[in-house]
Amino acid sequence: WNRLGFGPVKEDGVFRSPFSLLAYSGTTIDRLATVIPSLRTIDPDVRETLEIEARYASHLERQRDDVEAFRREEDLVLPQTIDYSLITFLSMEEREALNAAKPPTLGAASRIPGLTSSSLVGLLR
């Protein structure tokens, strides 16, 4: 892909599809069509959708992984001695809510109003 003007793409032996290249800055279906002419036949609305999906695919995959990890660990026991006010990635409101509720598990913490999913993932880690 680098020799064809797409990149910089890591040369690590990992297969990268044209779809995955759309996540790279400056890569569009129009640019890919210079080496894969059949891409020119894709409807413009579908092109736009593919380009958007490709740009966000890695973020969505990471988010899916976080959700799966959370579901596996929903019964994780949270020590009652945790002082949430010392956890810096939590907002002040989240710290106060967690200290007041002292949830016994990660699942119970997820049901506290105002707690964000990213904070719950942070507690998981």
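Counting from 1, the numbers follow the sequence of the chain as shown.
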Colleague: Ignoring hydrogens and angles, tell me if any N or O in the side chain of Thr49 forms a donor-acceptor pair with the backbone of Asp45 under 3.5 Å.
Modeller: yes
Colleague: Any side-chain heavy atom of Leu98 within less than 4.5 Å of one from Pro103?
Modeller: yes
Colleague: Within the supplied structure, the quantity of interest is the number of heavy atoms (other residues, nucleotides, ligands) at a distance under 6.0 Å from Arg71 CZ; does it exceed 12?
Modeller: no
Colleague: Minimum heavy-atom separation for Phe89 to Ser119, with atom names?
Modeller: CE1-O, 3.6 Å
Colleague: Ignoring hydrogens, what is the shortest heavy-atom contact between Arg55 and His59? Give both atom names and the distance.
Modeller: O-CD2, 3.7 Å
Colleague: Honestly curious: do Leu32 and Val46 fall in one hydrophobic cluster under the side-chain, below-4.5 Å linking rule?
Modeller: yes
Colleague: Would you say the side chain of Arg64 lies within less than 4.5 Å of the side chain of Val67, judging by non-hydrogen atoms?
Modeller: no
Colleague: Atom CG in Leu22, atom OG in Ser25: separation rounded to 0.5 Å?
Modeller: 12.0 Å
Colleague: What heavy-atom pair brings Leu78 and Ala109 nearest, and what distance separates the two atoms?
Modeller: CD1-CB, 4.1 Å
Colleague: Side chains of Leu124 and Asp66: does their closest heavy-atom pair fall under 4.5 Å?
Modeller: no
Colleague: What's the spacing between Leu120 CG and Arg111 CZ if we round to 0.5 Å?
Modeller: 10.5 Å
Colleague: Taking Leu21 as the starting point, is it possible to reach Phe19 by hopping between hydrophobic residues whose side chains are less than 4.5 Å apart?
Modeller: yes
Colleague: So which atom in Ala97 and which in Ile112 form the shortest heavy-atom distance, rounded to 0.1 Å?
Modeller: CB-CG2, 3.8 Å
Colleague: Going by heavy atoms in the side chains, are Tyr24 and Arg16 under 4.5 Å from each other?
Modeller: yes
Colleague: Okay, side chain of Arg95, backbone of Ile87: is any donor-acceptor separation there less than 3.5 Å?
Modeller: yes
Colleague: Using modelled atom types only, decide if a donor and an acceptor are shared between the side chain of Lys102 and the backbone of Ile82 within a distance under 3.5 Å.
Modeller: yes
Colleague: Please check: side-chain N/O of Glu51 versus main-chain N/O of Ile29, any donor-acceptor pairing under 3.5 Å?
Modeller: yes
Colleague: State yes or no: do Leu90 and Leu86 share one hydrophobic cluster built from I, L, V, M, F, W and Y residues joined by side-chain heavy-atom distances below 4.5 Å, directly or via other members?
Modeller: no
Colleague: If you compare all heavy atoms of Leu123 against all heavy atoms of Tyr84, which two are closest, and at what distance to 0.1 Å?
Modeller: CD2-CE2, 4.1 Å
Colleague: Should the heavy atoms of other residues, nucleotides or ligands under 6.0 Å from CG of Asp75 be counted, would the total exceed 12?
Modeller: no
Colleague: Output the distance between atom OG1 (Thr28) and atom CZ (Arg47), rounded to the nearest 0.5 Å.
Modeller: 8.0 Å
Colleague: Would you tell me whether Ser110 and Glu74 have side-chain atoms, one donor and one acceptor, within less than 3.5 Å of each other?
Modeller: no
